[in-house]
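Written out below as structure tokens is the structure these notes cover.
Chain letters run A, B, ... following the sequence lines, proteins first and then strands; every chain starts at 1.
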There are 2 protein chains.
Amino acid sequence: MTADVRHDVTSHGSVSERIYLGLRQEIMHCEIAPGATLDAASIARRYEVSKTPVRDAMQKLAADGLVTILPRSGYRVAPITFQAVHEILDLRAAIGPHAARQAARYATPAEIALLRQIVSEYAAPLDIGAMQQVARRFHIAIARCSRNKRVVALSENLFDELERLLRFAIDFTVKTGEHSDEHTALVDAIEAGDGERAAAIEADHIGHSREFLIERLMTLGYLSQSEIQLGNAARSGSE
Amino acid sequence: MTADVRHDVTSHGSVSERIYLGLRQEIMHCEIAPGATLDAASIARRYEVSKTPVRDAMQKLAADGLVTILPRSGYRVAPITFQAVHEILDLRAAIGPHAARQAARYATPAEIALLRQIVSEYAAPLDIGAMQQVARRFHIAIARCSRNKRVVALSENLFDELERLLRFAIDFTVKTGEHSDEHTALVDAIEAGDGERAAAIEADHIGHSREFLIERLMTLGYLSQSEIQLGNAARSGSE
DNA sequence: ACGGTACATCTGATGTATCAATTATGCAAT
DNA sequence: ATTGCATAATTGATACATCAGATGTACCGT
């Protein structure tokens, strides 16, 4: 799910929290169109609250990179661009291997057992959404092994954003199973304490999925060269 | 300086912006003690504004990782812990080499000229603070060459945070000059388009400064094992 | 008559003042 | 000394006011 508790600090039952999670959900599921421009008043009406918690929520969403704040003008949900997909995949390519390397240093037997348990879930037949969730949990679990909370938070953020960005691109995209081997090899390397091998496997893995996704986006016509905006619908958040 | 325009969106002359920059400055310079707990009302009085823009500023500071929000209780400026230093250096170790690698792919002659120009500034005699600023500009310039805005923003953030965290640890710490060679070699590798060499040099470089800083922190007694809090003074932000 | 500029209007973000809800604190009683 | 309650202090939310920016209109120049 989108909102598995999220952030450390942000989980008290306040109004602004509710707005934040609600908007986040809508934006992530593209129920609010990418590139759409929002206004605080209509959202406040829609959620039956005042504008302040909406502003709070917008600040948090802006921190997550899901909306940009146009000063004195309005809020705009982040459009879907090839550039954004590229940047996120690029960052994952930087962080993933590093996390794997560190995981090889720090992972405890219990954590490795958890990793194996997650990998085993690939055995079951999965639809594309469920598989993404498993992959997400797997990589986040590795990030956790790196003993670096910032890496964990950053990874979660990247996964979330990527999920939204690819919402239009991944409809079927089955390609199950074959990851399972890579993942098993990765856990093996981590368990063996071989950081370089772990990093290499993860780098390969990310490289593969990067190529796959970009090719997929191209065949779907979402990008001929680069810098193509996907969503521009102007549904201003009324109902 | 701390506030070289900063962020993209955040540079209109609003009140909340003023508060944000002001508090940011104070926190970065440790004029507000790490670990101190703030209250919105006194800050609002101090800046002669109402509480709402203060809240806004706090949200942004929280997004920057400089303060944590204790729900219904208050705001706390991030304490200085060895863990934080470790995590930031670790993240830099992941991102720096990657940025260097990508810079080798994308850097234009103009950008390379800029890099050389920055390196040349090391020739002049510098105090420790000025040298840090030069180093910062150098690494940010490389990040820019990676064509990844997120990498740039993240790098800026890490440098800012690290600067604050090390404020107590770096008083004299001259060690000028010798970096210059490493940096020249790095630019050479980038210009030659040799991404792997560039990444390796940057990795080494970060590794060195990491060892240096950690050793320094230990000799200064700031960490015997780990998880040592530096600042705990309870100066609640009165005037 | 058409295009452009200046002005007025209008929308919506930003800021202030007040209120409510919640948490922290201190005192007392066991 | 510890637990419980009552009080005080502070965040979080609401309603209202203000101000800046965008849009539309009218007027002027060509």
Q. Listed by chain and number, what are the salt bridge (charged side-chain N to carboxylate O under 4.0 Å, His left out) partners of A/Arg116, not counting sequence neighbours?
A. A/Asp188, A/Glu191
Q) Between C/dT14 atom P and B/Ile19 atom CD1, what is the distance in whole Å? A) 15 Å
Q: Determine, for nucleotides 5-19 of chain D in 5'-to-3' order, which nucleotides have protein heavy atoms under 4.0 Å from the base (write B), from only the sugar-phosphate (write S), or from neither (write -).
A: ------BBSB-----
Q: Quick one: list whatever passes side chain to side chain contact (heavy atoms under 4.5 Å, CB included) with A/Ala63, sequence neighbours left out.
A: B/Ala63
**Q.** Listed partners of B/Arg147 passing salt bridge (charged side-chain N to carboxylate O under 4.0 Å, His left out), at least two apart
**A.** B/Glu111
Q: Applying side chain to side chain contact (heavy atoms under 4.5 Å, CB included), name anything that partners A/Ala41, two or more places apart in sequence or on another chain.
A: A/Asp39, A/Arg45, A/Lys51
Q: Would you mind reading off the distance between A/Gln59 atom CD and C/dG15 atom P, rounded to a whole angstrom?
A: 11 Å
Q: Would you please name every residue forming a salt bridge (charged side-chain N to carboxylate O under 4.0 Å, His left out) with B/Arg144, sequence neighbours left out?
A: none
